[in-house]
Amino acid sequence: MDSHARMYIGAAFVAGIILTLGFRDVFPELKELFRKPRNMTLRSKKDSDEAATAADALMARSGPPFLNGAGQSSKDRVALSMIQMAEQEGILTPGSGDTIYEGTSGSTGISLATLARAKGYLAHICMPSDQAIEKSNLLLKLGAIVDRVPPAPIVEKENFVNRARALAQAHTASSQAPSTDFELSNSRTLRGRGFFADQFENLSNWKAHFNGTGPEIYAQCNGKLDAFVAGAGTGGTISGIALFLKPRIPNLTVVLADPQGSGLYNRVKYGVMFDLKEKEGTRRRRQIDTIVEGIGINRVTANFDVGKELVDDAVRVTDAQALAMARWLVEKDGIFIGSSSAVNCFAAVKTAMKLGPGHRIVTILSDSGSRHLSRFWAKAGDVGGATDTKLEDVLNANDNE
């Protein structure tokens, strides 16, 4: 197992640093027009035409790599795409006092807050109160207004996404004073308009990865990869990349990495959105029952819906397995990642082992473990000195240990 394990890991993480390094070369041998894959469902013909045009333009693109320099995560691409779309449609105007509102578990909010300041906007971020405190602390340092709200299902008014939407609507309706229904944390006088970024349903999300991340992966792998593995929160990453890669690599396997408590695993495997931890009487909290932040959900978002027919398989990852994988990566390779990246890596290893030696698997390392110190890494603990954890121990990790 050990000798094979190294081979699997080498393949699994061949593109793990894609989102840091970007690409340096002109896309090789990309002459073909975008072809709609069988079973692909787009929201409209307009979306399809726009995506194809963007892809054709990117095929000939040269220049510096796309670095994640703003919020230092893959969400920089999504945040920039949503802002640019709003500017093109006249919803946002730099320097006008407009405020960007978003409901997020952290990384998208951090990217939005950074880009908002750079482009002359304010950011108002709503996030569940059970997320790592360092995320909201960083948001405050970046000049954002932050609401940490108790976790609640999406069907309830108090849900963090619904609160962000309501605040944006109240801002636009009255630019003179805070809404009486949605009191702002600092009672500031409102100027301009409120824009609800809506990363879960905003189709600029998946297009950012179709136009950017997908072509970068294709170029860096010279069009040769066997599987792409990623988790889904909004669903934009896995949909956008799958929509770009699948027509060009027909035999590519797209695998969903899903944490415990999320319903997407069963949606992909069995067509039913259900998880045993959501069974009546078994919930320990009102949202997804996992320590993992940023991925896992119990509804099909617009962004996931766009590419869901291209997802071939799914791997369920428990909290214990994610924690063990995160520790193992530090121990063996000095790679310090957050919780969603640990889920991606575990699923990538499982996929590599299923496919066997000689295959290339690509996954995404979304952000650093430094954003997960107070929750995920507090539970993972210190890695310690001289240790020699076996991959079998990681794969077989359970909550009883």
Heavy-atom closest pair, residues Ser105 and Gly294: OG-CA, 3.4 Å
With the threshold set at 4.0 Å, does a side-chain nitrogen-carboxylate oxygen contact exist between Glu293 and Lys135? yes
Is there a donor-acceptor contact under 3.5 Å from the side chain of Arg327 to the main chain of Ala380? yes
Can you tell me if Lys379 has over 12 outside heavy atoms packed within less than 6.0 Å of its NZ? no
Should Arg316 and Lys269 be marked as a side chain to side chain contact (heavy atoms under 4.5 Å, CB included) after you check the CA-CA gap, both sets of side-chain angles, and the distance that decides it? CA-CA 10 Å; Arg316 167 62 52 79; Lys269 298 284 283 188; over 6 Å; no
How long is the gap from CD1 on Ile83 to CD1 on Ile100, to the nearest 0.5 Å? 4.0 Å
Does Arg375 reach the main-chain N or O of Asp130 with its side chain, forming a donor-acceptor pair under 3.5 Å? yes
Within-4.5 Å side-chain heavy-atom neighbours: Arg193 and Ile91: no
Could you give the distance from CE (Met85) to CD (Glu87), rounded to the nearest 0.5 Å? 10.5 Å
If you apply the rule side chain to side chain contact (heavy atoms under 4.5 Å, CB included), what do you find for Tyr101 with Cys126, and how did you get there? CA-CA 8 Å; Tyr101 293 83; Cys126 301; 5.8 Å; no
How many angstroms lie between atom OG of Ser339 and atom CG of Asn344, to the nearest 0.5 angstrom? 10.0 Å
I'd like to check Glu102 versus Met82 (side-chain heavy atoms, cut-off strictly below 4.5 Å). Are they in contact? yes
Flag, side chain of Asn202 to backbone of Ala197, donor-acceptor distance under 3.5 Å: yes
Using 0.5 Å steps for rounding, measure from the CH2 atom of Trp377 to the CD1 atom of Ile291. 11.5 Å
Side-chain (Glu331) to main-chain (Thr389) donor-acceptor, under 3.5 angstrom: yes
Look only at the side chain of Asp367 and the backbone of Ser73, and say whether a donor-acceptor pair between them is shorter than 3.5 Å. no
State, to 0.1 Å, how close Pro259 and Ala257 come at their nearest heavy-atom pair, and which atoms those are. CD-O, 4.2 Å
Spell out, as yes or no, whether a donor-acceptor pair under 3.5 Å connects the side chain of Asn222 to the backbone of Lys224. no
When rounded to the nearest 0.5 angstrom, what distance separates OG in Ser136 from CD1 in Ile110? 9.0 Å
Do the side chains of Phe210 and Val306 get nearer than 4.5 Å, heavy atoms only? no
Using the side chain to side chain contact (heavy atoms under 4.5 Å, CB included) rule, pick out the option among Val311, Ile295, Ile297 that qualifies with Leu264. Ile297
Find out whether Val146 and Met127 are in side-chain contact, i.e. whether some heavy atom of one side chain is under 4.5 Å from a heavy atom of the other. yes
For Ile125 and Ala144, the nearest pair of non-hydrogen atoms, with its separation, is CG1-CB, 4.3 Å
Intermediate values then yes/no, side chain to side chain contact (heavy atoms under 4.5 Å, CB included), Ser74 and Ser366: CA-CA 6 Å; Ser74 57; Ser366 307; 4.2 Å; yes
Can a donor-acceptor pair be found between the side chains of Ser374 and Glu134 at a distance below 3.5 Å? yes
Is there a donor-acceptor pair under 3.5 Å between the side chain of Arg299 and the backbone N or O of Met273? no
What do the steps show when you test Lys350 against Leu395 for side chain to side chain contact (heavy atoms under 4.5 Å, CB included), and what is the final call? CA-CA 8 Å; Lys350 294 287 284 188; Leu395 297 173; 3.9 Å; yes
Hey, does Glu158 have a side-chain heavy atom less than 4.5 Å from the side chain of Val149? no
Contact between Lys75 and Thr104 at the side-chain level, heavy atoms closer than 4.5 Å - yes or no? no
For the residue pair Phe160 and Phe200, does the interplanar ring angle fall in the parallel (under 30°), tilted (30 to 60°) or perpendicular (over 60°) class? perpendicular
To the nearest 0.5 Å, atom CZ of Phe376 lies from atom CD1 of Ile337 at 7.0 Å
Partners of Ala79 by side-chain contact (heavy atoms from CB on, under 4.5 Å), sequence neighbours excluded? Ser111, Leu112, Leu115
Are any of the side-chain heavy atoms of Asp313 and Val268 separated by less than 4.5 Å? no
Carefully, step by step, assess Asp312 and Lys246 under the rule salt bridge (charged side-chain N to carboxylate O under 4.0 Å, His left out). CA-CA 11 Å; Asp312 303 293; Lys246 274 274 194 173; 2.7 Å; yes
For Asp98, is there an ion pair with Lys119 - N to carboxylate O distance below 4.0 angstrom? no
Can you check side chain to side chain donor-acceptor pair (under 3.5 Å) on Arg77 and Thr213, steps first, answer last? CA-CA 8 Å; Arg77 300 153 186 253; Thr213 319; 3.1 Å; yes
Do Asn396 side-chain atoms and Glu392 backbone N/O form a donor-acceptor pair below 3.5 Å? yes
Is there a side-chain contact between Leu122 and Ile145 (heavy atoms, below 4.5 Å)? no
Quick one: does any side-chain atom of Gln321 pair with a main-chain N or O of Thr318 as donor and acceptor, under 3.5 Å? yes
Check Arg148 against Ala132 and note the closest heavy-atom contact, atom names and distance. NH1-O, 3.8 Å
Does any pair with a residue in residues 249-259 pass side chain to side chain donor-acceptor pair (under 3.5 Å), and if so which ones, sequence neighbours excluded? Asp258-Ser262
N/O donor-acceptor pair under 3.5 Å between Ser96 side chain and Gly192 backbone: no
Correct closest heavy-atom pair for Phe196 and Ala164 would be CE1-CB, 3.9 Å
Closest non-hydrogen contact found for Ser370 with Leu373 is O-CG, 3.7 Å
Output side-chain donor-acceptor pairs under 3.5 Å for residues 226-244, partner residues at least two apart or in another chain, one line each.
unit_1 : atom_1 : unit_2 : atom_2 : d
Asp226 : OD2    : Arg360 : N      : 2.7
Thr234 : OG1    : Asn205 : ND2    : 2.9
Thr234 : OG1    : Gly236 : N      : 3.2
Thr237 : OG1    : His209 : NE2    : 3.2
Ser239 : OG     : Gly235 : O      : 3.2
Ser239 : OG     : Asn303 : O      : 2.7
Ser239 : OG     : Phe304 : O      : 3.4
Ser239 : OG     : Gly307 : N      : 3.3

